[in-house]
Amino acid sequence: MSVTAPASPPIRHRAVESQPVTLHSAIASEWVKFRSLRSGAFMLAGAAIGMVAIGMIVGWNTRKISPSLDPEDIVASAVLQGYYLGQLLLGSLGVLFVSAEYSTGMIRSTMAAVPRRIPVLLAKFVVFVTATSITILPSCVIAFVAGQGIISRTRTSYSLGDPGVLRLVLGTGFYLVCIGVIGASCGWLVRNTPGALVTYFAIILVLPGIFGNVLGNWGKDIAQYFPSEAGRSFVSGLHLPYTLSTWAGFTVLIAWVVIGLAASAFSLRQRDI
Amino acid sequence: MVIEAQHVTKRYADKVAVDDLSFIVRPGLVTGFLGPNGAGKSTTMRMILGLDAPTKGTITVNGRAFSEHARPLQEVGALLEARGVHPGRSARNHLLAMAATAGIGAARVDEVIDMVGLSDVATKRVGAFSLGMGQRLGIASALIADPDVLILDEPVNGLDPDGVRWIRNLLRGFADEGRTVFLSSHLMSEMALTADHVIVIGRGRLLRDQSMADFIASAGASVVRVRSPEAGRLADILRPHATMIDIVDEGTFELEGLTSDDIGIAAAAAQITLFELATQAGSLEEAYMVLTEQAVDFRTHNTSGWEQQ
């Protein structure tokens, strides 16, 4: 603490030179972590392949219009229904990417290496968004083109150039990436894996179901603001009553992502590791 | 001063883990950190690394909070008792991820893997590692940026004798280069061999902060063992000057309060033959037990809830 140090320690040759911790080096570290666990690759591949496979199955099943088909199975977004599986897998991946750090104790090593903490949160965000975007966005496009390709042989189909279609296709991919980030925020806030998974599924599936189906109209008013319902406004080509308009839904989903990240950052700074 | 704790208190919801603790860990020494289970050692180490924030007080490393250092891994290499590794990752990938935060590449990672003797299993999943291999990985992780300060919680836990000796030499070498080593262990014999200075805590409070030699000496006046054919007569002569005399058997007694020189002179003056005159050096374990027992007595008369190893 004193300005005049009594005697400087002998200068020694350091075996390796360290660089200061930056967001860039934190991202490099998180990327090593992400790619070195098999579960991440499996879940991403499962979501991407599921998207395409379900798109093709839906295309085959709806190649002929019949009275038994739901309206949802006929609109342009019908072949993108793989997103139901995708949101389970990507949300769980987001949860685990964070909560596994806590459940294994890795978080102590992580935060001893990046003690300012927030760069870790940002780095995980960047790595997760990048890895999921480059797999899920193309898989949505492929699912759409493949599913509509099957339909086009028997009836009129949609193409990517049709009005609003590109928004649906890319919107689905965007929705899945966002929902994964919300999963990661559940991981930051709840920390333990089972608790974080339960929280995630409660927000995505259970609570909107309860508010939307059980509690009458005032429940439906609330349900439309949950992330999955807000996402439906731009993921589905079918606009139902009690669904927000496209841009309102988009804004609400972004708000969930931003508030989730802000709460995570606050929690990460305030609480002990 | 390298690590400095000033009036640090850490309160959890239902208990005080660390209570107004102040100490300094100096460079060039191996400082041992002793205390019974639950005394607050691990909490203190976590606070040094900024993982837990003190409720009151400050802890600094080289004059600043650990989190304010630009190159944290180069500042402090740490091995905490609870494992900090994802079991699904290989040892090499774990170290690569740690190293990446400091811009350190694969060459250094392979070097520390080799240093701790994990080359054969470096690409295996850590979940399959034995306790000793896990410790070696933790030590490799602490050494990755060749840090100025090493903080090791129970480093020899699960290590084989070769590993124990390797760690001892490593720490000695570290301190001799002017670096700082702060180490906790329950193995008193090992600690006595390695540490130059001890900080002892009990129930979150500082009990001792002194050199190893002084601490051992503080266990009480050293005992001198005397064997003589005229033990009874010699004991009678010395009794007024000694603080304690314990007759072991007919020809042997032990006493405190006089040095072996005093006894030798007294015996010569009385023309008493001595067969044996030996100062019984105290041990670290003895000093530690005496101290922590006092600490227990001081706070509670019920020792059953006090875990000791």
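Labels below follow one simple rule: chain letters A, B, ... track the order of the sequence lines, proteins then strands, and each chain is numbered from 1.
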Minimal non-hydrogen separation, [X] against [Y], with atom names:
{"X": "A:Ser109", "Y": "B:Gly84", "answer": "OG-O, 2.6 Å"}
{"X": "A:Pro20", "Y": "B:Arg71", "answer": "CD-NH2, 3.6 Å"}
{"X": "A:Ala15", "Y": "B:Glu111", "answer": "CB-OE2, 4.3 Å"}
{"X": "B:Met98", "Y": "A:Ala113", "answer": "CE-CB, 4.0 Å"}

Other residues, nucleotides and ligands only: do more than 12 of their heavy atoms fall within 6.0 Å of [atom1] on [X]?
{"X": "A:Phe266", "atom1": "CZ", "answer": "no"}
{"X": "A:Phe201", "atom1": "CZ", "answer": "yes"}
{"X": "A:Arg271", "atom1": "CZ", "answer": "yes"}
{"X": "A:Phe42", "atom1": "CZ", "answer": "no"}
{"X": "A:Met56", "atom1": "CE", "answer": "no"}

- Query: Does a side chain donor of either A:Ser36 or B:Arg89 reach within less than 3.5 Å of an acceptor in the other side chain?
  - Reply: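 There is such a pair between these side chains.
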Chain B: which of [options] shares the most heavy-atom pairs with it under 4.5 Å?
{"options": "A:Ser29, A:Ser18, A:Ala123", "answer": "A:Ser18"}
{"options": "A:Met111, A:Arg117, A:Arg35", "answer": "A:Arg117"}
{"options": "A:Leu37, A:Val21, A:Thr22, A:Val32", "answer": "A:Leu37"}

Output the option from [options] having the highest count of non-hydrogen pairs under 4.5 Å with chain A.
{"options": "B:His69, B:Arg108, B:Glu68, B:Met47", "result": "B:Arg108"}
{"options": "B:Gly28, B:Ala97, B:Ala65, B:Ala107", "result": "B:Ala97"}
{"options": "B:Gly50, B:Gly88, B:Gly103, B:Ala145", "result": "B:Ala145"}

Does some side-chain heavy atom of [Y] sit less than 4.5 Å from a side-chain heavy atom of [X]?
{"X": "A:Thr104", "Y": "B:Pro87", "answer": "yes"}
{"X": "A:Val114", "Y": "B:Pro72", "answer": "no"}
{"X": "B:His86", "Y": "A:Lys33", "answer": "no"}

What part of [X] gets within 4.5 angstrom of chain A, counting heavy atoms only: side chain, backbone, both, or neither?
{"X": "B:Ile144", "value": "backbone"}
{"X": "B:Leu51", "value": "both"}
{"X": "B:Leu96", "value": "both"}
{"X": "B:Thr101", "value": "both"}
{"X": "B:Ala78", "value": "neither"}

- Task: Determine, step by step, whether B:Gln74 and A:Gln19 satisfy the side chain to side chain contact (heavy atoms under 4.5 Å, CB included) criterion, reporting the C-alpha distance in whole Å, the side-chain angles of both residues, the deciding distance to 0.1 Å, and the verdict.
- Result: CA-CA 9 Å; B:Gln74 178 179 300; A:Gln19 304 303 319; over 6 Å; no
- Query: Is there a side chain to side chain contact (heavy atoms under 4.5 Å, CB included) between B:Asp148 and A:Arg14 once you walk through the steps?
  - Reply: CA-CA 9 Å; B:Asp148 292 332; A:Arg14 206 181 282 282; 3.2 Å; yes
- Distance from A:Asp272 atom CG to B:Thr55 atom OG1, nearest 0.5 Å?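 Reported value, rounded in 0.5 Å steps: 8.0 Å.
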- Side-chain ion pair, A:Arg108 and B:Asp52, N-O less than 4.0 Å: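 B:Asp52 and A:Arg108: not salt-bridged.
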